[in-house]
Amino acid sequence: MDKKFKPGDRVYHRNLKQYGTFINYAWESDEECDVEFEAEDGYIEQKHVSVSWLELASTIKTCFSC
């Protein structure tokens, strides 16, 4: 798998519908990684997730009139 995320990248998890900050790929596989997600209460929660669910946040289109 091609690594397309770098530590510090802003990412969007399509299944969780949350934005976060990419930390790093998992040591056991480049198909998993750690991401820090911002919770609604302001806390940061680190999660171990599948890379296949992530997209760069800059590629997400936001529709304000929908």
Side-chain angles (χ1 to χ4, degrees):
M1 168 180 231
D2 244 358
K3 292 184 179 184
K4 67 177 192 176
F5 301 109
K6 300 182 303 287
D9 280 349
R10 188 95 169 113
V11 294
Y12 179 75
H13 193 287
R14 292 186 317 270
N15 187 41
L16 298 175
K17 296 179 174 56
Q18 286 184 300
Y19 288 93
T21 303
F22 183 83
I23 297 174
N24 216 339
Y25 287 93
W27 62 270
E28 52 287 81
S29 167
D30 287 345
E31 295 179 12
E32 297 177 1
C33 64
D34 294 314
V35 177
E36 287 183 341
F37 291 99
E38 300 99 16
E40 289 181 21
D41 56 8
Y43 287 99
I44 302 294
E45 182 178 6
Q46 183 173 322
K47 294 182 182 178
H48 191 84
V49 299
S50 173
V51 172
S52 64
W53 283 104
L54 296 179
E55 291 184 36
L56 284 172
S58 61
T59 64
I60 303 300
K61 295 181 181 167
T62 306
C63 180
F64 294 107
S65 61
C66 298

- Query: Considering only heavy atoms from C-beta outward, does the side chain of V49 approach that of E32 to under 4.5 Å?
  - Reply: no
- Checking side chain to side chain contact (heavy atoms under 4.5 Å, CB included) for the pair K47/L16: CA distance, chi angles, key distance, verdict? CA-CA 11 Å; K47 294 182 182 178; L16 298 175; 4.0 Å; yes
- Message: For the CG atom of D34 and the CZ atom of F22, what is their distance to the nearest 0.5 Å?
- Response: 8.0 Å
- Message: Please find the pair of heavy atoms, one from R14 and one from S52, that lie closest to each other, and give the distance.
- Response: NH2-O, 2.8 Å
- Please examine the side chains of L54 and C33, heavy atoms only from C-beta on, and report whether any two atoms are closer than 4.5 Å. yes
- Message: For a 4.5 angstrom cut-off between non-hydrogen side-chain atoms, does D9 reach L56?
- Response: yes
- Short side-chain to backbone donor-acceptor contact, Y12 and T59, under 3.5 Å: no
- Kindly determine whether N15 and H13 satisfy side chain to side chain contact (heavy atoms under 4.5 Å, CB included), including the steps that lead there. CA-CA 6 Å; N15 187 41; H13 193 287; 3.5 Å; yes
- Task: Taking the side chain as every heavy atom from C-beta outward, state whether Y19 and V11 have any atom pair closer than 4.5 Å.
- Result: no
Sequence neighbours excluded and cut-off under 3.5 Å, please list the side-chain donor-acceptor pairs for residues 35-42, or say none.
| unit_1 | atom_1 | unit_2 | atom_2 | d |
| --- | --- | --- | --- | --- |
| E38 | OE1 | R10 | NH1 | 3.4 |
| E38 | OE2 | R10 | NH1 | 3.0 |
| D41 | OD1 | Y43 | N | 3.2 |

